[in-house]
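Right, one structure below, let's go through it.
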There are 2 protein chains.
Amino acid sequence: MPNKRFKKFLSVKGFKFTKEREEIFSEIMLIEGHFDPDELFITMKTKGSKVSRASIYRTIPLLVDGGLIEKVEMTDRHAHYEKKPGKRHHDHMICSICGKVIEFYSPELEKLQESICRKEKFKALRHSLEIMGRCGDCG
Amino acid sequence: MPNKRFKKFLSVKGFKFTKEREEIFSEIMLIEGHFDPDELFITMKTKGSKVSRASIYRTIPLLVDGGLIEKVEMTDRHAHYEKKPGKRHHDHMICSICGKVIEFYSPELEKLQESICRKEKFKALRHSLEIMGRCGDCG
DNA sequence: CATTTAATTGAGATTTAGTCTCAGTTTAAA
DNA sequence: TTTAAACTGAGACTAAATCTCAATTAAATG
């Protein structure tokens, strides 16, 4: 129950668990795919929610901070977010000193690759990205 | 002389080559690194230019269309652009049907990788990205 | 060179995603 | 309870980018 994770995150940070935050959070958890804050506001309002736009805009960064959602796209006019996925494809950073492999996944990077491929009329099936360099410990 | 390329691009598209567009274009060509439209407007104004903000915002998409500059970053609040580079690092799309290799370079992708690495305290030295899939011809 | 016409311009109004303010409310710890 | 700090909603505000429209200008044509 990610609800619990959110609650925990808030209390650790010294923030309060309010009805509004809970409402926003559980509404987001219902969304398949990505959303933008204003769209979410309209949806909630339509459903009869009294939560304000300000609270939505204030809660989203908390959820991002808490690792519950991610910013996945930045168009000219909108930011888009989505629920964090479970385990899936990831890329690698490889330290050439100690050999450590850092797995990372960036939905933003995935989106960007998609859009680059679209531009080239290329249908991507899979990809591999390896970044070579020095990890934090090997400075 | 990229000025000529710009002129050509405009005439091919049926657009006019105006003093304002020339002024904006040559000002951009003087800039090392990236810039944002408003910053450019201020710079030009300071130098005594009479060109309006509207013209700058209208000219930039033309330059992007004409392949003379690229959008390199989208922060929460700004778009950033820079002059197109000559030959440098590039990544690959590889068609698994016909084997064609498409070289591409995306400054946006590079920036994004940099920021991902920063987050992991990883010092990137080089990277390789290969996207496998089907090219436009092999549909 | 003069005419014509469609593109372009500047000034400032407008849009819009996102942020901020602040008085009143609520949480949660004591 | 009490209390202090966090939170909320309504709407004002900000700022990047776009749009409007009358006046201007490029450049194709006669």
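Per chain, numbering begins at 1; letters A, B, ... match sequence-line order.
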Check ion pair A:E27-A:K47 (N to O, under 4.0 angstrom): yes
OP1 or OP2 of C:dT19 under 4.0 Å from side-chain N/O of A:Y57: no
d(CD1, B:I60; P, D:dA16) in whole Å: 13 Å
Can you name the closest pair of heavy atoms from B:Q113 and A:I131 and give their distance? OE1-CD1, 3.8 Å
In terms of relative ring orientation, are B:F6 and B:F9 parallel, tilted or perpendicular, with 30° and 60° separating the classes? parallel
Please report the distance, rounded to the nearest Å, between CD1 in B:I42 and P in D:dA15. 12 Å
Give the B/S/- string for nucleotides 2-9 of chain D, one per nucleotide from 5' to 3', where a protein heavy atom under 4.0 Å of the base yields B, of only the sugar-phosphate yields S, and otherwise -. ---BSSBB
Please check if any side-chain donor atom of B:E23 sits under 3.5 Å from a side-chain acceptor atom of B:S49, or the reverse. yes
I need the CZ-C1' distance between B:F41 and D:dT18, as an integer number of Å. 15 Å
Polar contact flag, side-chain donor to acceptor under 3.5 angstrom, B:H127-A:E130: no
Mind calculating the distance between NZ (B:K71) and P (D:dA17) to the nearest angstrom? 8 Å
Roughly, in whole Å, what's the span from NZ in A:K7 to P in C:dT27? 12 Å
Is it the case that A:E103 and A:H90 place a side-chain donor and acceptor less than 3.5 Å from each other? yes
Quick one: B:E22 CD to C:dT9 C1', roughly how many Å, whole number? 16 Å
